[in-house]
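To start, the structure under review is shown below, and the notes come after it.
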Amino acid sequence: MKADSWGYVTRLRKWLDSDAAPTSVEDARLLRVLKISEELGEVAEALHGALGANPRKGASHGWNDVAKELADVIVTAAVALDSVSGDGAAVVEHQLQARVEDEIAATGDVRLLQVLAISGDMGEVATAVYGALGTGPRGEAAVITHTWDDVEARLAELIGTAAAALDEVTGDAWAIVDERLRALVDRVSV
């Protein structure tokens with residue numbers, strides 16, 4: 001993402017901090033991480049529609065819809081990351097520099113595999129959140145196994161994975177993300 005895009009992310013986070021229903025800092029973090037799952041579901045719906053994979057609905061979406069929803073995953077994950085770290089840009093930059101791209105030698109549509117990988121990353125985020133809170137998925141007490149730094153790293157990985165999927169669809173992931181960010185900031189007037 002461009003440097004000024006992170007300014008938009010921070011503006012969106014601050015808007016949420018000031019205008020969302022009052023909640024604790026930890027609950028705000030959890031809600032923002034949970035929102036990523038909602039957006040990922042919208043990617044799956046758009047992908048099914050673009051491929052015409054649901055005979056009841058047919059070709060209900062296009063690849064532009066898939067791109068928009070992938071961008072929304074990235075934006076939502078960036079806001080969650082900024083909520084956890086306070087400096088999402090630095091975390092993502094570090095993560096992208098450290099990431100080694102593997103060649104995917106798979107049959108079939110690589111876009112499907114990339115979207116599935118986002119789901120895997122979301123599982124890693126959830127595991128890190130549980131570990132940082134010392135809480136299990138049903139609210140039971142558990143040993144603290146992770147830190148919020150671990151959560152930051154997992155969110156940055158998710159952003160990278162979603163950006164790779166978006167880039168596969170559009171050829172320019174960050175331009176699409178920047179466009180979505182500007183539109184969101186304009187809509188909420190932050």
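These figures come from a predicted structure and were not determined experimentally.
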Answer yes if [X] and [Y] sit in the same cluster of Ile, Leu, Val, Met, Phe, Trp and Tyr residues linked by side chain heavy atoms under 4.5 Å apart, and no otherwise.
X    : Y    : answer
L70  : W63  : yes
W174 : I176 : yes
L31  : L158 : no
V151 : L34  : no

Using atom types as modelled, flag every donor-acceptor pair under 3.5 Å from a side chain in residues 162-172 to any protein atom, sequence neighbours excluded.
| from | atom 1 | to | atom 2 | distance (Å) |
| --- | --- | --- | --- | --- |
| D167 | OD1 | D172 | N | 3.2 |
| D167 | OD1 | A173 | N | 3.1 |
| T170 | OG1 | L166 | O | 3.0 |
| T170 | OG1 | D172 | N | 3.1 |
| D172 | OD1 | A175 | N | 3.4 |

State the [atom1]-[atom2] distance between [X] and [Y], to the nearest 0.5 angstrom.
X    : Y    : atom1 : atom2 : result
S5   : L181 : OG    : CG    : 5.5 Å
Q114 : S119 : CD    : OG    : 12.5 Å
I118 : S37  : CD1   : OG    : 11.5 Å
R154 : L81  : CZ    : CG    : 13.0 Å
L47  : L40  : CG    : CG    : 10.5 Å

Quick one: side chains of residues 130-138, donor-acceptor pairs under 3.5 Å with protein atoms, not counting sequence neighbours, listed by atom name and distance.
| from | atom 1 | to | atom 2 | distance (Å) |
| --- | --- | --- | --- | --- |
| T135 | OG1 | L133 | O | 3.4 |

Strictly distance-based, threshold 3.5 Å: is any side-chain N or O of S18 a donor or acceptor partner for the main-chain N or O of W15?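 Checking the backbone N and O of W15 against the side chain of S18, a donor-acceptor pair under 3.5 Å is found.
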Is there a donor-acceptor pair under 3.5 Å between the side chain of D150 and the backbone N or O of T147?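 Looks like yes, one N/O pair under 3.5 Å.
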Check step by step if side chain to side chain contact (heavy atoms under 4.5 Å, CB included) holds for L12 and V188. CA-CA 8 Å; L12 287 171; V188 298; 3.8 Å; yes
Given the rule in the side chain to side chain contact (heavy atoms under 4.5 Å, CB included) test, do V75 and V9 qualify, once you have shown the distances and angles that lead to the verdict? CA-CA 7 Å; V75 168; V9 168; 5.8 Å; no
Honestly, is R11 close enough over W6, meaning NZ or CZ under 6.0 Å from the six-membered ring centre and within 45° of the axis?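 R11 over W6 ring: no.
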Where do [X] and [Y] come nearest, in terms of heavy atoms and distance?
X    : Y    : value
A80  : I36  : CB-CD1, 4.1 Å
A77  : I159 : CB-CG1, 3.5 Å
A117 : T161 : CB-CG2, 3.7 Å

A quick test of your reading: do over 12 heavy atoms of other residues, nucleotides or ligands sit less than 6.0 Å from NE2 of H146?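 Yes, enclosed.
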Within the supplied structure, the quantity of interest is the number of heavy atoms (other residues, nucleotides, ligands) at a distance under 6.0 Å from D87 CG; does it exceed 12?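 More than 12 within 6.0 Å, yes.
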So, using salt bridge (Lys or Arg N to Asp or Glu O under 4.0 Å) as the criterion, who are the partners of E179 when residues are at least two apart?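 Checked E179 against salt bridge (Lys or Arg N to Asp or Glu O under 4.0 Å); zero matches.
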Could you list all the salt bridge (charged side-chain N to carboxylate O under 4.0 Å, His left out) pairs where at least one residue sits in residues 39-58, not counting sequence neighbours?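 For residues 39-58, and leaving out neighbouring residues, the salt bridge (charged side-chain N to carboxylate O under 4.0 Å, His left out) pairs sorted by first residue read K35-E39.
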Please list all pairs meeting salt bridge (charged side-chain N to carboxylate O under 4.0 Å, His left out) that have one or both residues in residues 58-84, counting only residues at least two apart or in different chains.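 Listed once each, the pairs are R13-D82, K68-D72, D72-R180.
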What pairs with S83 under side chain to side chain donor-acceptor pair (under 3.5 Å), at least two apart in sequence or on another chain?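 Once residues adjacent in sequence are excluded, the partners of S83 under the side chain to side chain donor-acceptor pair (under 3.5 Å) criterion are R32.
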